[in-house]
Structures are given as C-alpha cells and as structure tokens.
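Just follow the structure's listing: the first ligand is 1, and inside any ligand the first atom is 1.
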Amino acid sequence: MSEFIDLAPEVAEAFASGAPVVALESTIISHGMPYPQNLETAQAVEQDVRDNGAVPATIAVIGGRCKIGLSPAELEYFAKGSNILKLSRRDIPYAIAKKCDGATTVSATMILAEKAGIKVFATGGIGGVHRELAISFDISADLTELGKTSVAVVCAGAKAILDIPMTLEHLETLGVPVIAYGTDEFPAFYTVKSGQKAPLRLDTPEEIAAFLASKWEFGLEGGVVIGNPPPADKALALDAIEHAIDSALVEAKGLNIHGRDVTPFLLQRVTQHTKGKSLEANIALVRNNARLGAQIAVAMAK
Ligand code: PSU
Ligand code: MN
C-alpha cells in the first residue's frame with residue numbers, strides 16, 4: 001500500500017479476509033448536497049453497501065492523508081465542513097503536500113480506489129461534457145480518468161445539466177465501455193430516460209462481474225460506466241427537471257461561474273428550483289447505486 005494511504009479498520013479487515021469492498025466518493029457529501037441530507041445520505045449509503053454483503057470505503061483526503069474509509073466523525077466533518085477542497089486528479093498532490101482536507105470527485109476517488117485495490121465504486125452521477133462546449137471547453141476530468149483507471153463506476157448516468165450525447169461520444173473515444181443496467185437506454189440521473197440508447201446492456205450483477213473480469217484480465221485498462229436507472233418512484237419526469245436545469249444554466253452564465261464551481265452551483269440551483277424534488281431523487285439513486293455496487297463487488301469476489 002502507498003505510504004500516502006490510510007485504511008480504515010473495517011476496510012483493512014475486509015482486505016485481509018478477501019471480503020468485497022465498494023468505494024464511495026466524498027465530493028457528493030461536501031459539494032453535492034446540502035446539510036443535513038448529505039450526512040444522512042452518506043450514512044445510509046454505507047449501510048446499503050453493508051446490507052448487500054460488502055464493506056463501504058468512503059474516500060477523502062484529511063490533513064494530506066488519503067483516507068480509504070472514514071469514521072462516523074470524519075463523515076460528519078465532511079458533511080458540515082466549509083473549508084474542504086474539491087479534488088480531481090490535478091489537485092491530489094497539492095492536498096497531500098499542503099496537508100489539506102479535500103473531498104474527492106469521481107476522478108480522484110477512482111485513483112485512490114485503484115491504488116488501494118478496490119475495483120467497484122458507487123456514486124450519483126459522473127461528470128461529463130458540459131453544454132455549450134465550444135464556449136466553455138468544459139469537459140470533466142472524470143471522463144479522462146475513466147479512460148485510464150481500472151475501476152467500475154456505478155452511477156445513474158450523467159446529469160441532464162450536461163450534454164449527454166457528447167459525453168457518450170467522448171467516452172467512446174476514450175475506450176470506456178458504457179453499460180446500462182437492466183434497460184436499453186442510458187439513464188440521465190434524475191430521469192430514467194435520456195433519449196440516448198446505451199452502447200451496451202447487461203441485466204445481472206454476475207454478468208457485469210464477468211464483463212469486468214474479461215476486460216481487466218485481458219489487460220484492457222481503464223474504467224467502466226455502469227448506468228443504473230434511478231428508482232422509478234423517485235425519478236423525475238423530463239419536463240419537471242428541464243426548466244430547472246435551463247434556469248440554473250442561465251444563472252451560472254450570468255454570474256460567470258466557471259471551472260470546478262460549475263457543477264456544485266448547478267446542483268444547488270436545481271435543488272432550489274425543484275423545491276427539493278431533485279434532491280430526493282438524488283438521494284434515492286445514490287442508495288440504489290450503492291446496492292448495485294455491492295452486488296457487483298460480491299459477484300466479483302466469487
Ligand atoms: N454528480 C452528482 N453530485 C456530485 C457530482 C456529480 O450528482 O456531487 C460531483 C462528482 O464528484 C463528480 C463531480 O466527479 O461532481 C464532477 O465535477 P466537474 O463537473 O467539475 O468535473
Ligand atoms: Mn469542469
């Protein structure tokens with residue numbers, strides 16, 4: 001194990017006994033949801049992983065140490081904390097050298113999960129190609145990471161704040177398999193449908209485990225996107241979310257929000273515009289992804 005990494009006791013035990021482990025990210029806690037829903041969700045998600053036979057490892061950087069698994073007090077700190085950096089790949093060395101506290105995005109969580117030997121990671125949604133790419137040139141570092149780091153990311157697709165067709169095109173260019181779970185369509189986070197057919201479809205955790213084994217045992221490095229549709233009873237209809245997204249995008253432009261602040265800003269505004277309905281959907285889908293992530297990790301351990 002790298003000298004920069006600390007394993008939580010529960011995770012160290014899981015490694016020692018060969019028990020399945022699922023990585024979880026911390027940006028969704030610190031920058032993706034408001035308090036206290038973020039804390040309740042982070043705790044529920046960890047329990048969902050346990051209830052499905054795996055051990056949760058929420059990943060973050062504390063005082064420059066890369067933490068694989070957080071204690072309940074650390075989880076609370078990330079939910080309440082205000083001076084917590086948002087870390088993607090480029091920011092990790094800064095956080096380590098300056099002994100900062102940082103929440104890991106999908107890209108940074110994938111890196112630390114891979115270094116710790118964790119193959120499955122569950123989150124809400126991945127970053128992607130932003131709308132009006134030609135103006136902002138904003139493509140999430142998550143996509144580049146998926147192109148090279150061998151971790152499976154269970155998510156509810158990409159949010160409709162993004163350009164989903166361009167995101168799928170870019171993932172193809174990067175050689176990243178995109179699998180829809182139990183459906184033909186790539187999910188769009190808040191909504192079950194995105195209007196885009198997923199490139200691949202698999203229907204059971206065992207099929208996904210076999211897919212991952214074929215990819216990595218053959219030496220085809222890089223990540224995999226597993227798009228798990230949000231639970232139907234909490235998912236939103238497209239017309240319920242479209243207006244909220246459009247308003248949030250206009251506001252972001254007016255306020256000249258850019259770089260790493262764009263996604264947290266849009267998420268926060270969409271939550272306000274939908275009067276919390278999008279947050280409810282967000283919580284339900286993260287938990288749904290944690291359950292599937294655990295089932296995949298269990299199938300891989302067999
Ligand atoms: N999707 C969510 N909530 C989040 C994020 C995505 O539903 O909090 C976070 C993830 O950590 C993702 C990051 O990796 O946003 C992408 O940020 P950016 O668009 O700046 O690359
Ligand atoms: Mn960006």
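- For the residue pair Val49 and Pro56, the shortest heavy atom distance occurs at CG1-N, 3.6 Å.
- Across Val61 and Phe78, no two heavy atoms sit closer than the pair O-CZ, 3.6 Å.
- Near Glu25, with a cut-off below 4.0 Å to any heavy atom, the atoms of ligand 1 are 10 (C), 11 (O).
- The side chain of Lys159, and not its backbone, has at least one atom closer than 4.0 Å to an atom of ligand 1 (non-hydrogen atoms only; side chain from C-beta on).
- Side-chain N/O atoms of Ser26 and Thr104 include a donor and acceptor closer than 3.5 Å.
- Residue-ligand proximity: Gly32 is placed with a non-hydrogen atom under 4.0 Å from ligand 1.
- In terms of protein heavy-atom proximity, atom 15 (O) of ligand 1 is closest to Thr263 CG2, 3.6 Å.
- Pairing each heavy atom of Gly222 with each of Ser150, the nearest pair is N-OG, 3.0 Å.
- Protein heavy atom at the shortest distance from atom 7 (O) of ligand 1 is Phe189 CZ, 2.8 Å.
- Residue contact check for ligand 1: Val262 places no non-hydrogen atom closer than 4.0 Å to it.
- For the atom pair NZ of Lys148 and CE of Met110, the computed distance is 10.5 Å after rounding to the nearest 0.5 Å.
- In this structure, Lys234 and Leu285 have side chains that are not in contact, with every pair of non-hydrogen atoms separated by 4.5 Å or more.
- The closest approach of Asp138 to the Mn ion (ligand 2), by N/O/S atoms, is made by OD1.
- The closest non-hydrogen atom to atom 9 (C) of ligand 1, taken over Thr123, Asp142, Thr27, comes from Thr27.
- Heavy-atom contacts from other residues, nucleotides or ligands closer than 6.0 Å to NZ of Lys277 number 12 or fewer.
- For ligand 1, the atoms sitting less than 4.0 Å from at least one non-hydrogen atom of His130 are 19 (O), numbered in the order shown with element in parentheses.
- Cys100 and Leu85 get closest at one heavy-atom pair: CB-CD1, 3.7 Å.
- Atoms of ligand 1 found under 4.0 Å from any heavy atom of Ser140, numbered from 1 in the order shown, are 18 (P), 21 (O).
- Considering Leu267, Val106, Ile29 only, the shortest heavy-atom separation from atom 3 (N) of ligand 1 involves Leu267.
- Scanning both residues, Ala54 and Val22, for their nearest heavy atoms gives CB-CG2, 4.0 Å.
- Interface of Gly125 with ligand 1, defined as ligand atoms under 4.0 Å from a residue heavy atom, comprises 1 (N), 6 (C), 7 (O).
- With ligand atoms numbered from 1 in the order given, ligand 1 contributes 17 (O), 18 (P), 20 (O) to contacts under 4.0 Å with heavy atoms of Lys86.
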